[in-house]
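Structure, as structure tokens:
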Amino acid sequence: MKNLLILLSAFSFLGCRQSSSNSALQKKVDSLQIAVDNAYKPGLGEFMSEIQVHHAKLWFAGKEENWDLANFEVGEIQEALNDIPKYCADRPEVKSIGMITAPIYNIANAIKEKDENKFTSDFTVLTATCNDCHKETNHGFNLIKIPDVPPVSNQIFKPQ
Ligand code: HEC
């Protein structure tokens, strides 16, 4: 009988410990959830501003036939485009993003083939597609064009 009492009290002690560690765990989960909800997430406009710079750099890299740099820039655009559905799932405009897949694929090929003429025509199509999506998503006032001057003065676009 004494042994049984000891056993029962041991079980209830373990039970308490179990539930107190469960609630500590729940607290931890709740605080992590708050941290995730408050974590910085780039917005669609930020991705677009980033793409805008790479789009301009891509042009000067291609014009200078700096194919390594052009390849890098198109990769940066691609990365941002890949992240958009992940981080901007709340934006209905994201469903139009697919229209840019083929133009990106084509210009990436022009770069691989080091074909300057193809690069120029593919860049024109790419730029038109930026605007097609802007029109489709009621952002036609963000009108993109082929740049006249490099977006920065502290970078060399000519291959060295
Ligand atoms: C989903 C289709 C879509 C595609 C494809 C697209 N955009 Fe956008 N773009 C948008 C939307 C939507 C906005 C408005 C974002 C916002 O609300 O901040 C935008 C905004 C912009 C802005 C304004 C950003 C700012 O905050 O000032 C620039 C610049 C831009 N896009 C450049 C580009 C370029 C360059 C390309 C092509 C390489 C491109 N976009 C392709 C949908 C698209």
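Just the heavy atoms: all of them, side chains too, but no hydrogens, waters or symmetry mates, feed the values below. Numbering of ligands and ligand atoms starts at 1, following listing order.
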> Counting only N and O atoms by type, is there a donor-acceptor contact under 3.5 Å from the side chain of His139 to the main-chain atoms of Thr137?
Replying inline: yes
> Hey, are Gln26 and Asn22 close enough side-chain-wise for a donor-acceptor pair under 3.5 Å?
Replying inline: no
> Quick one: which ligand 1 atoms are inside 4.0 Å of a heavy atom on Leu44?
Replying inline: 12 (C)
>> Suppose we measure from atom 3 (C) of ligand 1 to each protein heavy atom; which comes out shortest, and what is that distance?
In response: Cys133 SG, 2.6 Å
> Atoms of ligand 1 less than 4.0 Å from Cys130 heavy atoms?
Replying inline: 34 (C), 35 (C), 36 (C), 37 (C), 38 (C), 39 (C), 41 (C)
>> Is Val94 close enough to touch ligand 1? Criterion: a residue heavy atom under 4.0 Å from a ligand atom.
In response: no
> Shared ILVMFWY cluster between Val53 and Phe157, side chains joined below 4.5 angstrom?
Replying inline: no
> Looking only at non-hydrogen atoms, which of Glu93, His139, His134, Glu46 approaches atom 10 (C) of ligand 1 most closely?
Replying inline: His134
> Does any donor atom in the side chain of Asn82 or Gln78 lie under 3.5 Å from an acceptor atom in the other side chain?
Replying inline: yes
> Which ligand 1 atoms does Ile100 reach within 4.0 Å, using its non-hydrogen atoms?
Replying inline: 5 (C), 37 (C)
>> Among all the protein's non-hydrogen atoms, which is closest to atom 18 (O) of ligand 1, and how far away is it?
In response: Gly45 CA, 3.2 Å
> Considering only heavy atoms of Thr137, which atoms of ligand 1 have at least one such atom less than 4.0 Å away?
Replying inline: 12 (C)
> Would you call Lys145-Asp148 a salt bridge at under 4.0 Å N-O?
Replying inline: yes
> Do you know which two heavy atoms are closest between Glu65 and Pro159, and how far apart they sit?
Replying inline: O-CG, 4.0 Å
> Purely on distance, is any nitrogen or oxygen of Asn142 under 3.5 Å from one on ligand 1?
Replying inline: no
> Taking only heavy atoms of Arg91, which atoms of ligand 1 are found under 4.0 Å from at least one of them?
Replying inline: 16 (C), 17 (O)
> Identify the closest protein heavy atom to atom 22 (C) of ligand 1: which residue and atom is it, and at what distance?
Replying inline: Met48 CB, 3.7 Å
> So, for Phe123 and His55, is the gap between ring centers shorter than 6.0 Å?
Replying inline: yes
>> Taking backbone and side chain together, does Gln52 place any N/O/S atom at a distance below 2.8 Å from atom 8 (Fe) of ligand 1?
In response: no
> Looking only at heavy atoms, which two atoms of Pro85 and Val94 are closest? And how far apart?
Replying inline: CA-CG1, 3.8 Å
> What is the nearest protein non-hydrogen atom to atom 27 (O) of ligand 1, stated with its residue, atom name and distance?
Replying inline: Ser49 OG, 4.0 Å
>> Would Ile107 and Leu58 count as a side chain to side chain contact (heavy atoms under 4.5 Å, CB included) here? Give the steps.
In response: CA-CA 10 Å; Ile107 200 161; Leu58 175 60; 4.2 Å; yes
> Can you find an N/O atom of His55 closer than 3.5 Å to an N/O atom of ligand 1?
Replying inline: no
